[in-house]
Enquirer: 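Quick one: this structure, given as structure tokens, is what I'll be asking you about.
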Number of protein chains: 2
Amino acid sequence: MTTASIKEVARIAGVSIATVSRCMNSPDKVSEKTRIKVQDAILKTGYTPNTLAQSFRRGRTNVVMVVLPSIGDPFFTDVMRGIRNAADAKGYSIIINETQFNTMTADEIAAMVVSRQTDGIILLASMSPFGTEVLSAKSHRALPIVVGCETVAPELTVFPSVHIDNVAAAKEATNYLISRGHTRIGLICGAANSLLTKDREFGYRAAMHEAELGIEDGWVVNGDLTIEGAIRATRSLLNHSHRPTAVFCTTDEMAIGCLHSAKSVGMRVPADLSVMGFDDTRYAAVTDPPLTTISQPATEIGERVMYRLCREIEQGRQSSSGDNRPELVAHRLIVRESVAEPAAE
Amino acid sequence: MTTASIKEVARIAGVSIATVSRCMNSPDKVSEKTRIKVQDAILKTGYTPNTLAQSFRRGRTNVVMVVLPSIGDPFFTDVMRGIRNAADAKGYSIIINETQFNTMTADEIAAMVVSRQTDGIILLASMSPFGTEVLSAKSHRALPIVVGCETVAPELTVFPSVHIDNVAAAKEATNYLISRGHTRIGLICGAANSLLTKDREFGYRAAMHEAELGIEDGWVVNGDLTIEGAIRATRSLLNHSHRPTAVFCTTDEMAIGCLHSAKSVGMRVPADLSVMGFDDTRYAAVTDPPLTTISQPATEIGERVMYRLCREIEQGRQSSSGDNRPELVAHRLIVRESVAEPAAE
DNA sequence: GAGTTTACTGTAAACGTTTACATTTTGCAC
DNA sequence: GTGCAAAATGTAAACGTTTACAGTAAACTC
């Protein structure tokens, strides 16, 4: 299975290896006649360029790494689809790094770029503050990195980003619950290190505050971004002495757990409890009842993030383009059936 | 951002580059004293080996490609987790190739290995017969390929594989429905080119035949492996003049669509219609009602597939170990609440 | 202390490309 | 045909490793 090399092709075509190389990379610099000879030789030998040698020589792998909490979450699946679309169009491959199951540190991640294993990084998951510090330190604004989905942490503002306005969206979601007459609203949020859900929590708190509604102790519970976690969180919420009539879950995944948990103790949704999700994943429309939620253009975000990263990579490590303001994309409230007026007491 | 090279380290440590290389790859061959000198130099320069150069020189990328229909399906997410576990342990990175959204042909896939971009391939998705032919032709038993989850197509028996006995499992599922008293049982199957679901269909037909139950025209419907497809399929099934009292869905994903579709036209599950799934994804336990389904050890399959691939890669392209019998893993029937006796007529 | 093994280190080639530079060929104007 | 510019091609170095081989130093054996 030894593959033919460029040398073999050159020999057969009766030209130098430089000419063969040119045939593939800048065909306009080589005459019609020789191009045909070389083409024939390539066909005859079944030559494919050794990508390893190319990458080595060019100093580029055309591989980018995506760091995210979990590809299991259908929201990220959609983002990934966008990233992949763009990557295909631009000739890049993707390596995925799940922070949830993988202990790769920021140092190691940076090392992958530094050691040239990867041309750039897409961050869909906030890392520990320490981690982000490492990244921005290592970078000296040099690692091509783009942040997606999340508001960018202060230490990370050196990197460009693409996302919705999570604070505004969460405010909108909370205000919708308020507009339906709820005053006692609970929150199932993500882990403390998830900026994304922190922002949503912030939006919720802002909305409650503006509406002059109080948030009692025990109304904000960590659901850990998983179904299981949300089941536990809901149980705790429902056992509260002064329990909420509505729950805002900062992801659909957790809303699914919440729905299940509430129903399993005999509550009807939305009659006894209203549930609001976030993300509008493909499951949101088929839960029972279908979820009222916030929709994000996940695939579009993925595409834009990837294209942005390509720009970072292409324009090279020197020119710090300067314009790193976040690209904001639009979200949308999707009204389905999991939210209703609270029952009269 | 020019990274220090081995030469720089050698210069600082006052040794040859060969010694530096040995320090990293076979430290036992170098004296304590020089090892320390070199370590110091590495620290001082912040040297990281250029992985591109290493890959090039070694002729190995430590990257493997996984071909699957869609990472969106939570079942495959679990398989991927297993693959990733094993890959991490063995020092490999993963590149994912979704056939559903990607038109990469078998030729191109093979090319990735031939051109050394990838050390091996894990096939979780059957490809078109043509595609598999290309792969086995290209291979001359040379491409390291392992098939996972699926029964191996006849043309692919040259490759090792890891999966459950899909036929037996589907038979078991169908027999369970029969044991609960159902005689009119429908099937929502996958696309025609999905061997996996073909096998399950085969198991269903075998069970029905052995129980001397007929399968009417229109009882077997293609659900396209998606929620949407299953919703349509269910609608068609329920409109059947002699409609089934139970439906076996060959994936949980489709069972979710089926559940939703049935309930949306006012049927109660399982009172009016029993629904059986397959895969036991993380959503199966939280549907309403929770799904009775077949559980596969997805993560274990992933791990075993990856370890098997490592063996294929390591033992090299020459020795055709010969033992390519499928590794079978155990499945299990999970009884929840979506199946009951059929209502008396 | 000579001879022999062992442990360590250095030299240099090789991996398959790309590309700056030098050289040759072609095309064109006169 | 001569001269000259433009186009096409060849030569050879370079990219950063690994590794076979040769060489040297250290550690034994007698």
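Lettering of chains follows the sequences in order, A, B, ..., and the numbering in each one begins at 1. Note that the coordinates shown come from a computational prediction; the quantities given were computed from them, not determined experimentally.
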Enquirer: For A:Thr19, answer base if it contacts any base atom (sugar-phosphate contacts may also be present), sugar-phosphate if it contacts only those atoms, and nothing otherwise; contact means non-hydrogen atoms under 4.0 Å.
Expert: sugar-phosphate
Enquirer: How many whole angstroms separate atom CG of A:Leu52 from atom P of D:dC15?
Expert: 19 Å
Enquirer: Side chain of A:Ala53: nearest nucleotide among C:dG16, C:dT9, D:dT11?
Expert: C:dG16
Enquirer: Please report the distance, rounded to the nearest Å, between NZ in A:Lys29 and C1' in C:dC21.
Expert: 13 Å
Enquirer: Specify the separation, in whole Å, of atom CZ of B:Arg11 and atom C1' of C:dG10.
Expert: 18 Å
Enquirer: Could you give the CG-to-P distance, from B:Asn50 to C:dC15, as a whole number of Å?
Expert: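 Rounding to the nearest Å, CG of B:Asn50 and P of C:dC15 are 19 Å apart.
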Enquirer: What is the nucleic acid contact for A:Arg22, judged by heavy atoms within less than 4.0 Å: base, sugar-phosphate only, or nothing?
Expert: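 Base contact.
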Enquirer: For the helix from C:dG1-D:dC30 to C:dC30-D:dG1, how many degrees between its two end axes (five pairs per end), to the nearest 10°?
Expert: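 Inter-axis angle at the ends, rounded: 40°.
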Enquirer: Over all strands shown, is B:Thr34 touching base, sugar-phosphate only, or nothing at heavy-atom distances under 4.0 angstrom?
Expert: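 B:Thr34: backbone/sugar contact only, no base atoms under 4.0 Å.
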Enquirer: Whole Å only: how far is the CD1 atom of B:Ile42 from the P atom of D:dT17?
Expert: 10 Å
Enquirer: Please report the distance, rounded to the nearest Å, between CD in A:Glu32 and C1' in C:dT26.
Expert: 16 Å
Enquirer: Under the criterion of centre distance below 5.5 Å and interplanar angle below 30°, is B:Phe56 classified as stacked on the base of C:dC15?
Expert: yes
